Amino acid sequence: MVKTSYFHLTQPEDLIMGCNQSCLRNKSAAVAAVPEEKQSSDKEIPPQSPPPETTTDAATPMGTTDSDDDGDGGSDDSEEEDYYDSKQFKTMLDNLLSRLTYGEDSMSSQLVALTELCDMLSYSPENSIRSKLLEPFFPVLIAMSIQETTTSPDIMLFAIRAISYACDASPSSVPVLVQHGAVVSLCAPLLAIEYLDVAEQCLQALEKISRRHPRPCLEAGAIMTILNYIDFFSSSVQRVGITIIANVCKKLPSECSPQVVEAVPLLCNLLYYEDQKLVQNVATCLIWIVKKVSHSPEMLDEVCKQGLTQQVAHLIASNVGNILNQQIYTGLIELLSQLASGSITASNSLLELNISNTMKQILSTYDLSHSKPQSLIHEVIKLLYVLLPPLSTDGDGNMKVSNTDRIIAHQPGLLQQFGADVLPVLVQIVNNGANMHICYGCLSVVNKIVHFSTANMLVDLLNSSKISSFLAGVIARKDLHLLMLALTIVKNVMQELPDAFFDSFIKEGVVYTIDALITPQDCPQFKLQTSEGAQRLSKSNQNMPGNDSVGCLCYVYVDQSSENESCKLEETSAHTLAKYIRTTYFTTKSGDSELKSTTVLKKLRNLCAVLSDKVNMSVRSDNGEQEKNLTYTLGQIMEVLSGEEPVSTFEFIESGIVRSLVDYLSNGCYRNREVDSNELSNHLLVLQKRYEVFAKFCLSSPSHHQKDKPLGILLGKLQSALSLLENFPVVFSHVPEPEGTYATIPFERTTFRPCLKVRFIKEEGEESLCDYVSDVVSIEAFTFINAIERYLWPKVKHEAESATEECAATTEFLKSSSDPKKLLFYLGKGHLDRTLSLYQAILQLKMETENDPSVGASFWNQVYEIKYSKDTGQKKINIHDGHHNSGNSREWSHPQIYLQNAMCVSSMLFADSPLTLKKSSPIYEILSLLKILEVLNKSASHLVSHERIASFAEGCDDSLDNLIVSVCGVPPSEFVNVKLTGKLEQQMQDASLVSTGSMPSWFVQLMEAFPFLFGFETRRKYFLLTLGNSSKVQSNNIDDRQSHASGSPRKKFKVCRRRILESAAQVMGSHVGCKAILEVEYPEEVGTGQGPTMEFFTLVSQEFQKVGMGMWRGDHKLTSTSNSEVDSSGFVVAPLGLFPRPWSASSSPNETQLSEVIKKFVLLGQLVAKALQDGRVLDVSLSSSFYKLILEQDLNLYDIFSFDHGIGRALVEFQALVDRKKVLDLIPVKKSDSYILNTRIEDLCLDFTLPGYPDYKLASVDGHEMVNMSNLQEYVSSILDATVNSGICRQVEAFKLGFSQVLPLNSLKIFTAEELDQLICGEQNAWNYNELGHIKFDHGYTISSPTIVKLLEIMQEFEYNQRRAFLQFVTGAPRLPPGGFAALNPKLTIVCKPCNGGDDGDLPSVMTCANYLKLPPYSSKEIMKERLLYAITEGQGSFLLS
């Protein structure tokens, strides 16, 4: 690692800008510099410790490689050990001891001896000196450290310093020091501070002693001694003093001394200090003190009297986790829990302090990102639980309050405020898919709130939290503990408010779930019931992440181990309680009929039945009137959903509306799964028409707010239904400690990965295969079934089959790109899915037979008997997917020009379910409908525009001006399922499972088939983890600079700025298959690391946009026309984004140019993939249509409008004329209208060349070179084909080829085109004011510093180009990564830059590798802006030392 050096510029024009290893930018090649900062300031700059690097020759060979040269380290260590045991060393010690002992008459001699002793000890390695060699020194040193026996403060200082150094050089000497009374002598100078430096040195020595022997420090009164004089010391020494107290508090005896309680108020006062590390250590002291006294209510009350409760509550409320680290923050909440559970005084105080509002703020951030760790949420819920009185049961089984002196008994308003704060957020957390422990905690708190609230309180509390639907969902879950709590809440609510919630519990399905528990056989139509029903209620043992102990939920909030405790619940408890509730509160005079269905449910059922019948009729006959009836019925259904009377989730599910809509929008093919090939065209046209009708119903009304649109309402119901029905498990894998194991499969070698034991057995009756001779084999758990098949097949096939295989091998591999399937595998009665790993496949089968599958020791130790048989090779038939593979313009003839969406949906509906769900499953029906709606929502503008064209063709509208319509669909966030996203976030905490592709299969399958269910940030995190880039996923528990410094191996290359594209090609040529992070350097520049590398990707991406490259539309430099619009800087102008320039394959002069263009697209694909792999951003604007092609999505007529308004509009109008002509030709009395803007098509003088590209000839079937009304359809189809298919297919394929050489292209398909642009190119809009809150300020600056206030104002005032230049200056790239400033890693940090002369004469400097800006404290905002703009505009183009 190169040492950091800092310099100061003497001239204003000498601008500096830095990167890794303090390599800074300068516009000049040489910088005259003088030292800038003293040695202590070097610590201000965070050290960058890159991982081991390898140097590879690239565009310019590298001359040096950074490495850690340890030399002959082993021999040096041996020599040091021999030295400290040598006679020479012992003689030196004897000499020093003699001079200290017999030099009492000469203080100067003693001082010299002490100095030499300190030097010797300070340079000695830790644990290098044996304690018996130093023991004779200790009585002398301790005597010298006592003020009464020493007249010289210098001797005291050096004696104490020698004691401190001795603790490092010989840790085993610390007990000896304690025995000689060192602790008492070191505390003495602190009782009456006469010499501050002596007192500071005493603290240093005590800190080292307290690490291993805190008890003597406690007995010597060190705690109060330090606290009484803490304000005398500087902040750094204060930290040392508090560290001593923290060390003592961590090892407090069971019976705390009075000084510990006495120290509490003094420690509380320190919580308000500005020093963050000091406050954290003080908090640690208080946490340990409360832990030690928690067993004694009297001690807790005594601690509370010292004001601890109020002080800690205020600290938590004021910080909300921003200042204190997560571990300390969690510990403080645990402290409050211990106080509240053991002291009624503390509990009452916290309720009066409205602590529930603070806890609500913490819980409300438990969102999709699950940024709060599980332990913090658990402690918050535990605190809420213990704040309310405990519940006990009387002889009759009724709950009663065990404590009557609680404050809520006298001030019920506090309980009402408590419930109003936390009840809605607790309900939300359970609905969002929290793990079982947290769900149980939330329900326990809700149960207490309901129990202690009066009837008047409950009405307001429960209505606002939608308690009825919440309870219905909980009751439908399998876990007995959650079920009992939910039923108890139902009983308490009905006991207090039988009339208020009677109808609500019926409407939301609570009564039906209770009936299903009592008599599941009487509710066959009840879809909310789990497949196992009431006969298989589980007692969950789900583990907390990172917690290896397994315990019953009955003991979650009991302060004792539950590993050996039996469950308190009986198996029949739920059935008994459900029956009691049903017979007591839900009986009517007219019987159960009115409890079975509501008015809304009956109405919806009838309408859905009519819709299904009419769909069946329309499938059998092509009747326009029938379609009108369908449209009318559909309108009635949407009207009910959007009506004044709300439709509950239960009613929505039970009505059958989902299946009816899927049938309608698939024209029956979802149910029938077959369409006559002769009827396929008509089938697709019917679908297209229905999609247009549906879009008109649900999207086109401008009077609706987005969420109030019918589609938004329908999506809300679907998401609620999916959250209620799904029960996909989150499985945390407790992988055993890695140890060398021989794995037979896949590579027959020793591995440190987890392995599973398998015994292969031939299926009974299988005669075409041999028996596998080996017994138990060890297989790497994350090996895919395909790899197991490749290993096993040669060992179990008959010899006669080998010859047949060899003859057919070539043919088989030509027919299929994948290996032919030869074997089927079974575990028990379940078939192992060959697309999964062995771990996933076994886990999937366990999920089908167990409610809560766990991956503990038994999972890894079990021997799995897997049966195998020969695969018969049955084929599956799917509908044609419509992807273009040919450049023939006939592929784009009408009506296929419009039908990509219909073909996409039909293909999906014909295919087998991607999940382990039956297609008749309510969950899969919901997912299918969501998929259809997602396609329609994205295509809303296309659908409505096509409906306008059809209207024009039929003569209903004579204007061509309004054919292109922009429809604002519902936002993509409406398709995100919060609960499934939460579960995926939990599962991704086990990063090893994600990176090895061994997550539970349902996550992978849902992500591939229905990615829209998950938010963009969650999918981005999944994408990075699946690529193995867990270091790119920021952790809240790890310092961002440390996480940045560690990580993947890196390779360095030197590149030439003047030939950046050629250098990039050479770099990728040698680096394309390597996963190491790419880093670059520039010749004659010392900079390396993130800054220069980010700039490299920026420069290369800008190079691709220059005119003359022949890559993009709008670049006409290579054509005969020269009047194209070109940016003054020489870049292609593409306001709507870059799209490939069409090249004709029939023109032979273009072959050489096209070959070069294709090479550039290959390189572009490689660089885009490498940027994604390394976490870089590119400065290139690609069109959304190009991203669609990358994602292998077809483009249609309307997509052209997204990158070329003029051509797109003209083609749409031409197509409208063609469609009108076809309609008018069917009416003999009317003549076809061939006018556009009062001009005949023939008079436009159009020829069969591609507009804008006269060298690109289009084929004409009739041989005409000019366009007329007869060949206008062919002209439109040919332009469409040349623009989005045949003219650009080679360039697109080249890009995909280059991308695939670095990353799998399929990994991008979980993103939309717009999201892919954000992923590759970062944030388009640089920042807003809220974004600036993610900037860190340090070393002289805080958020309120005048200089920082000025800077933030200036940043807000920057124009677009100035913002880009600022980002380029600080980070090396002109764009922020996805997520903005919050996603920068390391965080952007601004520190004060000390200056020797006048502050206004110095320029800002940066370390781009650390996103580290050093800003002088300028005297005015105007000067700061002028100096900053000068720096960011002139300081580009080189990286030099400052």
Side-chain angles (χ1 to χ4, degrees), residues 366-371 425 427-435 438-439 466 469-470 472-474 476-477 527-528 641 647-650 652-653 657-658 661-662 706-707 709 711-731 847 908 913-917 921-938 969-989 994 999-1023 1309-1312 1315:
Y366 185 70
D367 55 8
L368 298 181
S369 65
H370 283 248
S371 56
V425 73
V427 170
Q428 181 183 1
I429 288 176
V430 176
N431 289 338
N432 287 1
N435 67 48
I438 290 179
C439 285
K466 300 180 180 179
S469 59
F470 167 69
V474 175
R477 297 178 67 160
K527 300 182 179 66
L528 293 184
L641 289 179
V647 178
S648 70
T649 304
F650 166 72
F652 182 81
I653 295 172
I657 188 174
V658 176
L661 288 177
V662 172
Q706 287 181 344
K707 288 190 176 182
K709 288 182 177 180
L711 180 57
I713 295 172
L714 177 58
L715 285 174
K717 299 299 180 186
L718 286 170
Q719 296 290 10
S720 298
L722 179 59
S723 298
L724 188 61
L725 291 173
E726 72 83 21
N727 199 26
F728 298 120
V730 176
V731 180
M847 286 189 291
M908 176 197 72
S913 166
L915 300 169
T916 54
L917 297 169
S921 163
I923 297 178
Y924 189 69
E925 289 176 350
I926 291 172
L927 291 173
S928 298
L929 183 54
L930 282 170
K931 179 68 174 180
I932 296 173
L933 296 180
E934 193 260 347
V935 172
L936 299 187
N937 187 60
K938 289 193 297 187
V970 298
S973 58
E974 293 297 302
F975 289 89
V976 174
N977 186 274
V978 177
K979 185 179 179 183
L980 291 178
T981 300
K983 285 189 170 185
L984 180 57
E985 287 283 354
Q986 293 178 53
Q987 189 66 67
M988 286 193 296
Q989 293 175 16
V994 186
M999 293 174 65
S1001 57
W1002 73 266
F1003 285 108
V1004 181
Q1005 293 164 348
L1006 277 181
M1007 184 63 75
E1008 292 177 354
F1010 310 100
F1012 53 83
L1013 292 172
F1014 307 98
F1016 170 68
E1017 282 303 321
T1018 301
R1019 280 179 282 126
R1020 177 174 170 268
K1021 185 187 297 185
Y1022 174 87
F1023 171 76
K1309 293 185 178 179
I1310 63 175
F1311 302 104
T1312 65
E1315 291 169 343

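On a predicted model such as this, the values are computed, not experimentally measured, just so you know.
For E1017, the salt bridge (Lys or Arg N to Asp or Glu O under 4.0 Å) test picks out R1020, with sequence neighbours left out. When the side-chain hydrogen bond (donor to acceptor under 3.5 Å, both in side chains) test is applied to S723, the partners found at least two apart in sequence or on another chain are N977. Under the rule for a side-chain hydrogen bond (donor to acceptor under 3.5 Å, both in side chains), the partners of K938 that lie at least two apart in sequence or sit in another chain are E934. Applying the side-chain hydrogen bond (donor to acceptor under 3.5 Å, both in side chains) criterion to S648, with sequence neighbours excluded, gives E651. Every side-chain hydrogen bond (donor to acceptor under 3.5 Å, both in side chains) that E1315 has, sequence neighbours left out, goes to R1019, T1312.
Checked by atom type and distance alone, the side chain of K717 never pairs as donor or acceptor with a backbone atom of F652 at under 3.5 Å. A donor-acceptor contact shorter than 3.5 Å is absent between the side chain of S973 and the backbone of G1015. Between the Q719 side chain and the E974 main chain, a donor and an acceptor come within less than 3.5 Å of each other.
Nearest heavy atoms, G712 versus V970: N-CG1, 3.8 Å. Heavy-atom minimum distance, N937 versus G969: OD1-CA, 3.3 Å.
Side-chain contact between L718 and V658 is present, with heavy atoms from C-beta onward closer than 4.5 Å. Under the 4.5 Å side-chain criterion, counting only non-hydrogen atoms from C-beta, F1016 is not in contact with V976. The shortest distance between side-chain heavy atoms of M988 and T1018 falls below 4.5 Å. Between K931 and L927, the closest side-chain pair of non-hydrogen atoms is not below 4.5 Å. The closest side-chain heavy-atom distance from L714 to L641 is below 4.5 Å. The shortest side-chain heavy-atom distance between V430 and I438 does not fall under the 4.5 Å cut-off. Within the 4.5 Å cutoff, the side chain of T981 has no heavy atoms near those of the L1013 side chain. With a 4.5 Å cut-off on side-chain heavy atoms, L933 and L661 do not count as touching.
Between the CE atom in M1007 and the CZ atom in F1023 there is a gap of 12.0 Å [rounded to 0.5 Å]. How far OG1 of T649 is from CG of L722: 11.0 Å, rounded to the nearest 0.5 Å. How far CG of L724 is from CG of N431: 9.0 Å, rounded to the nearest 0.5 Å. For the atom pair CG (L936) and CG (L929), the distance works out to 9.0 Å, reported to the nearest 0.5 Å. Here the straight-line distance linking atom OG of S928 with atom CD1 of I923 works out to 11.5 Å at 0.5 Å rounding. Residue N432 holds its CG atom at 10.0 Å from CD of Q986, rounded to the nearest 0.5 Å.
Between W1002 and F728, the angle of the ring planes stays under 30°, which puts this pair in the parallel group of the 30/60° scheme.
No close placement of the F1003 and Y1022 rings is indicated, their centers lying 6.0 Å or farther apart.
The number of heavy-atom neighbours closer than 6.0 Å to NZ of K466, taken from other residues, nucleotides and ligands shown, is 12 or below.
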